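Heads up: the structure comes next, in structure tokens.
In what follows, every chain begins at residue 1, and chains take the letters A, B, ... in the order their sequences are listed. These numbers were taken from a predicted model, which means no experiment stands behind them.
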Amino acid sequence: MKVLQLHSNFIEYEAVEKEIEYAEEITNKKMRLEEVIVTLVAVEKNDNEKIADNVINEIKRSIDTIKCNRILLYPYAHLSQDLASPQQALSILKYMENILKNGLEVYRAPFGWTKAFSISVKGHPLAEHSINISKTKEYVSKALEEEEKLRSYWFILETDGRLVPLEEYKFKNKRLEILAKYEVVKKREVDQEPPHIKLMKKLAIADYEPASDVGNMRLYPNGRLIKSLIEQYVTRKVLEYGAIEVETPIMYNTKHPSLESYFNRFPARQYTISSEGRELFLRFAACFGQFLMAKDFTLSYKQLPLKLYELTRYSFRKEKSGELVGLRRLRAFTMPDCHALCRDMEQAKEEAIKRLRLSIDTINALGVSLDSVEVAIRFTRGFYEENKEFINRLINIIGKPALVEVWDKQFFYFVLKWEFNFVDNLDKASALSTDQIDVENGARYNITFVDEDGSKKNPIILHNSPSGAVERVIYALLEKAASDEKRGIAPMLPLWLSPTQVRIIPISENYIDKCMNIMNNIKSNNIRVDLDDRDETLNKKIRDAEKEWIPYIIVIGEQEINKGTLNVRKRREKNRREVKIEELIREIKDEIHNMPYMPLNMPELLSKRPQIMV
RNA sequence: GCCUCGGUAGCUCAGCCUGGUAGAGCGAAUGCCUUGUAAGCAUUAGGUCGCGGGAUCGAAGCCCGCCCGAGGCUCCA
């Protein structure tokens, strides 16, 4: 709604002729008012009573300052390019008139007439005031709306394939029980903040960015380094599995037919932006881009399964503002997204098994581990009846009981979905790795391959994120560290992810040169090493290094220089020992094995570093 | 969106109830100290107390309005 308020000495208008069919019937064609706030109003397409309420509040606010309580509502279409229908506009105008009458002297010029008018506007600074309030259009997918009506049946799937109704199951695993309650009852009362939020700030990994939208984080150098290493590892893993990496746009036209219907099958909220009259939305996964690309491929059954991969930086989901928590739940996040186009259900099932193994390997290597994750599998009853053996294979590989949700009919685009849920220190569950068997989008996006008999067919598509969102992996690692700390274990990140792996501390500035030599030696072995050259006491430097969770601390003084050894303090073992430099390098390289390496993401001298957090 | 809490120095926070010269610790700068495994000492700089209005001789504090942020609830990667 667009409104222009004019504090006037007088206005005179005359209704000349009906402009539209819906014009109001009127008695007084001429009108003159004095000492009045003329309020020109254009009602726009998406306006409703709630918006009208907001406008009324604005109007009242300015009236209070002007101290004039006579007001003329004057329909004035030319304020907007995006008008509501006449019926809608008139009903909202009448609504506003009624509300405003409560306490004000309100007149309304007739709607739907061509009018002649003269006006004399006062000259004071507050005499003219414009108001523009409009609904930010939010698309809510049908899937999201209908999900609420969805009827689910819950079970626990035993590793021998037995499906035990949830209410009959005796839980041996507390976390699985937590996940089950979490999913089924869908309610948890907790009033603490999750421990990873303080940690992500203290370790200078990530923080909120008030100048952005909520759920869009800033990543400090440590966070960028950690995230980059995880991204590299997952990407390498997926490429080794045989996927082809591509890159696709992050925004799409809402009017595209495939997207519009897909959108209505995916339960998520979107960011939308308009540009040159088009409505665009930001992707919530890499599906669209990859499918739109795949439909232009010429494919034979011989080339299937075809695996496409993209690391989406970013995927956007406009979660309700109150749902966003630290690194657990974001509006912009990075997600590896790997689709496999399969010839038929048989091939899809074979491929799904491979991808389950891939996902298990991936989270194990990342340091989250299958042990610290609870599995949920969801499928339609029909799929289960026909594929019991396949589901047995899944649970066999997983090797522990899983929560099962069964739907009577197919509600989403997939017939089966599994995910690994990390349960945190406050018993909150959130999904990491996932895979889905999609039987709709091949046709929806018109992706085709030529089968053995020469006919064109649509592939079955698998949607796998082997690690889940990268930010969420970091969240899981921090929550694990916090839980270690609670149990009296020194918290730390996996060695390959530690921003500094080795810190060298000279006893005094006299040894800095020698330390530089040692540092360069270690660095040449692809180990992240830095040097605390600040003018602080030894104790202070040790303390600071411990606060940063640095896995190896080396103190260098006269003794070490003379002996040619290193005095190493190892965080996890809380001990000190003397080793030769080659031994230390060997030990570290063995532990990192072949996980990715990136150099230090800060100056190697601490004295040259900006101080980021307390 | 709803509920709750919050916004004071670069950071963490005290002061607010009961109005009267704006505080501490950490960090920073400078100097002293030259260190043997989790905080050495001193000095200095640093604030539009989120914004606007009201009542008051006087507001960080009381009243009203607004803005911003966080956590929780529903959900997902």
Side-chain angles (χ1 to χ4, degrees), chain A residues 50 57-58 60-61 64-65 138 144 147-148 182-183 185-194 197-198 201-202 204 207-211 214 266-269 284-286 312 314-337 376 417 419-422 426 428-436 463-473 475-476 490 503 505-512 535-548 550 553-560 567-569 571 574-576 610-614:
Chain A
K50 200 175 163 199
N57 287 337
E58 270 287 314
K60 283 188 171 158
R61 255 228 319 244
D64 282 350
T65 45
E138 184 171 270
L144 198 63
E147 196 177 20
E148 296 178 4
Y182 192 84
E183 287 291 322
V185 184
K186 303 204 172 211
K187 216 167 192 177
R188 303 290 307 170
E189 297 285 338
V190 184
D191 58 353
Q192 300 167 45
E193 77 170 32
I197 292 184
K198 281 228 163 61
K201 297 181 186 186
K202 278 235 152 64
D207 205 350
Y208 302 107
E209 175 50 76
V214 287
F266 196 101
R269 290 178 181 77
F284 38 86
T312 65
Y314 291 100
S315 289
F316 297 90
R317 298 190 188 174
K318 201 169 167 193
E319 310 293 0
K320 288 186 242 166
S321 63
E323 296 170 0
L324 306 162
V325 191
L327 290 171
R328 186 209 290 151
R329 193 113 196 257
L330 300 171
R331 279 186 172 177
F333 59 94
T334 304
M335 179 178 65
D337 202 358
K417 165 188 189 187
E419 76 297 306
F420 295 163
N421 291 280
F422 179 80
L426 304 177
K428 298 278 182 188
S430 36
L432 289 168
S433 323
T434 181
D435 203 3
Q436 302 165 355
H463 300 233
N464 174 225
S465 184
S467 64
V470 175
E471 294 84 353
R472 196 170 268 187
V473 171
Y475 141 80
R503 161 83 36 97
I505 300 179
I507 293 280
S508 84
E509 67 189 43
N510 299 329
Y511 305 103
I512 288 181
D535 181 18
E536 296 288 352
T537 60
L538 175 65
N539 281 334
K540 177 69 175 289
K541 293 187 207 177
I542 298 273
R543 179 177 151 84
D544 287 346
E546 294 286 1
K547 277 166 59 183
E548 286 180 54
I550 293 173
I553 300 171
I554 299 174
V555 174
I556 302 290
E558 199 180 346
Q559 293 168 27
E560 289 74 23
N567 191 322
V568 178
R569 179 176 161 128
R571 178 173 181 79
K574 292 182 174 167
N575 62 9
R576 261 160 54 198
Q611 180 201 322
I612 296 179
M613 281 281 126
V614 273

Rounded to whole angstroms, how far apart are CZ on A:R543 and P on B:A38?
10 Å
Without decimals, in angstroms, what is the distance between A:N421 CG and B:A77 P?
10 Å
Would you mind classifying the nucleic acid contact of A:A429 as base, sugar-phosphate or nothing, using non-hydrogen atoms under 4.0 angstrom?
base
Any strand is fair game: report the nucleotide pairing with B:G46 by Watson-Crick or G-U wobble, both distances under 3.5 Å, or none.
none
Take atom CD of A:E183 and atom P of B:U74, then tell me their distance rounded to the nearest Å.
11 Å
In this structure, how many angstroms lie between the C1' atom of B:A28 and the NZ atom of A:K540, rounded?
12 Å
Looking only at atom P, what distance separates B:G72 and B:U18, rounded to whole Å?
33 Å
Tell me which nucleotide, if any, is Watson-Crick or G-U wobble paired with B:G58 when both distances must be under 3.5 Å.
none
In whole Å, what separates the C1' atom of B:G46 from that of B:C11?
13 Å
Across all strands shown, which nucleotide pairs with B:C51 by Watson-Crick or G-U wobble geometry, both distances under 3.5 Å?
B:G65
Say you pick atom C1' in B:C63 and the same atom in B:A77; how far apart are they, in whole Å?
47 Å
Base, sugar-phosphate, or nothing for A:K574, non-hydrogen atoms under 4.0 angstrom?
nothing
Under 4.0 Å, heavy atoms only, any strand: does A:S465 hit a base, just the sugar-phosphate, or nothing?
nothing
For the C1' atoms, the ones on B:U12 and on B:A28, what distance do you get once it is rounded to whole angstrom?
16 Å
For A:K417, is there any backbone N or O sitting under 3.5 Å from a side-chain donor or acceptor partner on A:D435?
no
Between the base of B:C68 and the side chain of A:Y208, is there any donor-acceptor pair under 3.5 Å?
no
Pick the P atom in B:A42 and in B:G10, then give their distance to the nearest Å.
24 Å
P atom, B:A9 versus B:G65: distance in rounded Å?
26 Å
Taking salt bridge (charged side-chain N to carboxylate O under 4.0 Å, His left out) as the test, write out the residues that go with A:E209, two or more places apart.
A:R218
Report the residues that fulfil salt bridge (charged side-chain N to carboxylate O under 4.0 Å, His left out) with A:R329, sequence neighbours left out, ordered by chain and then residue number.
A:E319, A:E323
Using side-chain heavy atoms (C-beta onward) and a distance below 4.5 Å, is A:T334 in contact with A:E471?
yes
Nearest-angstrom distance from the residue atom NZ of A:K198 to P of B:A70
14 Å
Minimal non-hydrogen separation, A:I612 against A:A204, with atom names:
CG2-CB, 4.0 Å
Closest to the 5' end of RNA chain B, once A:G326 and A:F420 are matched to their nearest nucleotides, is A:G326
Could you check whether A:I553 gets within reach of a base, just the sugar-phosphate, or nothing at all, counting any heavy atom under 4.0 Å?
nothing
side-chain contact (heavy atoms from CB on, under 4.5 Å) with A:S467: which residues, sequence neighbours excluded?
A:V234, A:P336, A:T362, A:L366, A:V473
Atom CG of A:D207 to atom C1' of B:C11: distance rounded to whole Å?
11 Å
Going by heavy atoms in the side chains, are A:I550 and A:R571 under 4.5 Å from each other?
no
Select one nucleotide: of B:C75, B:A77, B:U37, the one nearest the side-chain heavy atoms of A:R329.
B:C75
Are the side chains of A:K541 and A:R503 in contact, using a 4.5 Å heavy-atom criterion?
no
With sugar-phosphate taken as primed atoms, P, OP1 and OP2 and all else as base, the protein-contact string of nucleotides 31-36 of chain B at under 4.0 Å (heavy atoms; B, S, -) is --BBBB
Please check the phosphate of B:C76 (OP1 and OP2 only) for any side-chain N or O of A:R328 closer than 4.0 Å.
no
Please measure how far the C1' atom in B:G47 lies from the corresponding atom in B:C13, and state the result in whole Å.
15 Å
What nucleotide, of B:G72, B:A77, B:U37, holds the atom closest to the side chain of A:I542?
B:U37
Which one is paired to B:C33, where only Watson-Crick or G-U wobble pairs with both distances under 3.5 angstrom count?
none
Gap between atoms CG and P, on A:D544 and B:A38 respectively (whole Å):
12 Å
Considering every strand shown, what is the Watson-Crick or G-U wobble mate of B:G71 when both distances are under 3.5 Å?
B:C3
Suppose you measure atom C1' in B:G6 against the same atom in B:G50; what distance do you get, rounded to whole Å?
11 Å
Using both distances under 3.5 Å as the test, list the Watson-Crick or G-U wobble partner of B:C16, or none.
none
When both distances are under 3.5 Å in a Watson-Crick or G-U wobble arrangement, the nucleotide paired with B:C26 is B:G10
Is A:L324 touching bases, backbone alone, or none of the nucleic acid, heavy atoms closer than 4.0 Å?
sugar-phosphate
Partners passing side-chain contact (heavy atoms from CB on, under 4.5 Å) against A:E558 (at least two apart in sequence or in another chain)
A:Y511, A:N562
Tell me every residue that passes ring pair (Phe, Tyr, Trp, His ring centres under 6.0 Å) with A:Y475, counting only those two or more places apart in sequence or in another chain.
A:H196, A:F422
With nearest nucleotides of RNA chain B determined for A:V325 and A:R472 from heavy-atom distances, which residue corresponds to the more 5′ nucleotide?
A:V325
Between C1' of B:C76 and CD of A:Q436, the distance in whole Å:
11 Å
